Amino acid sequence: MSSTPHDPFYSSPFGPFYRRHTPYMVQPEYRIYEMNKRLQSRTEEIWTRHPGQYLEHKEDSDNLWWDAFATEFFEDDATLTLSFCLEDGPKRYTIGRTLIPRYFSTVFEGGVTDLYYILKHSKESYHNSSITVDCDQCTMVTQHGKPMFTKVCTEGRLILEFTFDDLMRIKTWHFTIRQYRELVPRSILAMHAQDPQVLEQLSKNITRMGLTNFTLNYLRLCVILEPMQELMSRHKTYNLSPRDCLKTCLFQKWQRMVAPPAEPTRQPTTKRRKRKNSTSSTSNSSAGNNANSTSSKKKTPAANLSLSSQELGALQSCSLNPGRDGALCHSTAVTPSVQFKEKH
């Protein structure tokens, strides 16, 4: 019996607006099991839900599915980090939430037909708002169908941080790759035992540290795409041209670096002396003296308000008011009458 949208257990792979996440609290490793199950049923879900549209709009259907996948298992501000060492030195790539769906998609575009993660002897630590899973023996298993049938086991350390709420999604993903193995079935080797060219082709690696060339090229591209996320969001929000978006973002960054931090205003502390009770004559004379001293003290702040021309020039500040065309306003000076207003 096939499930329908009216079925309470129905889950569509086409975006969060079709699926309602059921609140639950499970173990972090079970969330990885659910992720593996979702990845293995990727093609089947798309085909069974929309069989006719899958062939006509395959690329759009895949993009919708990967967006729904990332929404289900990753937070809105999640980050994914990969660390490994290639022939030219160590590499470290960090991508944001908007680029995570495309990362998993490139894994399958490189010839992978199956992807799942195996966690052994993981350690969990609970915090106020998050749960951290540290697995020193994590294996990423990928089954390749091209250029040849090969099973790749990528071993390393996986550190995950889950949000401690009902959805329990991943906030940070850090996978450090140590080594990898490419396994070719014996049947294929026996089939081409008499062909030295095929055996030489089988002896060559099809991945680099367990990652395909599609994934590596995408990670290199993310080095350029990740800093441009601010420009893209500004372009969508204000409908500015790319040049104006770049000017505005650069000026805001420059303003944050140049502008000094605002210092809190300090009020002058006044010391009060304790008066000793004595005869009436001494008290009256001391009261008169205290009145004269307090009146003189009140006049001292006003007398210190005289500022030199150099101090007035240091009070100038520049404010940014970008318009539609990215124009910048002129700097305004602060007069001492406005800046230093005497409080009674």
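Computed from a predicted model, the values in this text were never measured in an experiment. Numbers for residues simply follow the sequence, beginning at 1.
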Straight-line distance of T154 OG1 to L82 CG, nearest 0.5 Å:
10.5 Å

Linked, directly or transitively: V107 and I95 (ILVMFWY side chains, under 4.5 Å):
yes

Any salt bridge (Lys or Arg N to Asp or Glu O under 4.0 Å) involving residues 91-112? Give me the pairs, sequence neighbours left out, ordered by first then second residue.
D88-K91, R102-E109

Joint cluster assignment, I206 & Y180, ILVMFWY side-chain distance < 4.5 Å
no

Measure the CZ-CE distance between F104 and M35 for me, rounded to the nearest 0.5 Å.
5.5 Å

Side chain to side chain, T71 and R169, heavy atoms closer than 4.5 Å
yes

For M191, the hydrophobic cluster (side chain heavy atoms closer than 4.5 Å, chained through members) also holds none

Residues in ring-ring contact (aromatic ring centres under 6.0 Å, His included) contact with Y117, at least two apart in sequence or another chain
W173

Would you please name every residue forming a side-chain contact (heavy atoms from CB on, under 4.5 Å) with E161, sequence neighbours left out?
S130, T132, K171, T172

Is it true that F73 and L119 fall in one hydrophobic cluster, defined by side-chain heavy atoms closer than 4.5 Å?
yes

Distance from L216 atom CG to T106 atom OG1, nearest 0.5 Å?
9.0 Å

Would you say the side-chain atoms of Y238 and D244 include a donor-acceptor pair closer than 3.5 Å?
no

Test of understanding: with salt bridge (Lys or Arg N to Asp or Glu O under 4.0 Å), list the residues that count as partners of D77, not counting sequence neighbours.
none

Please determine whether residues L86 and L221 belong to a single hydrophobic cluster, defined as Ile, Leu, Val, Met, Phe, Trp and Tyr linked transitively by side-chain heavy-atom distances below 4.5 Å.
yes

Determine which pairs satisfy salt bridge (Lys or Arg N to Asp or Glu O under 4.0 Å) with at least one residue from residues 178-197, sequence neighbours left out, and list them in order.
D136-R178, E155-R181

Over 60° means perpendicular and under 30° means parallel, so classify the ring planes of W254 and F251, tilted if in between.
tilted

Just verifying a value: how many Å separate Q201 CD and M148 CE, rounded to the nearest 0.5 Å?
5.0 Å

To the closest 0.5 Å, what do you measure between CZ (R42) and CG (D114)?
10.0 Å

What distance separates L183 CG from H144 NE2, expressed to the nearest 0.5 Å?
10.5 Å

Is there a path of hydrophobic side-chain contacts, each under 4.5 Å between heavy atoms, that joins V184 and V141?
no

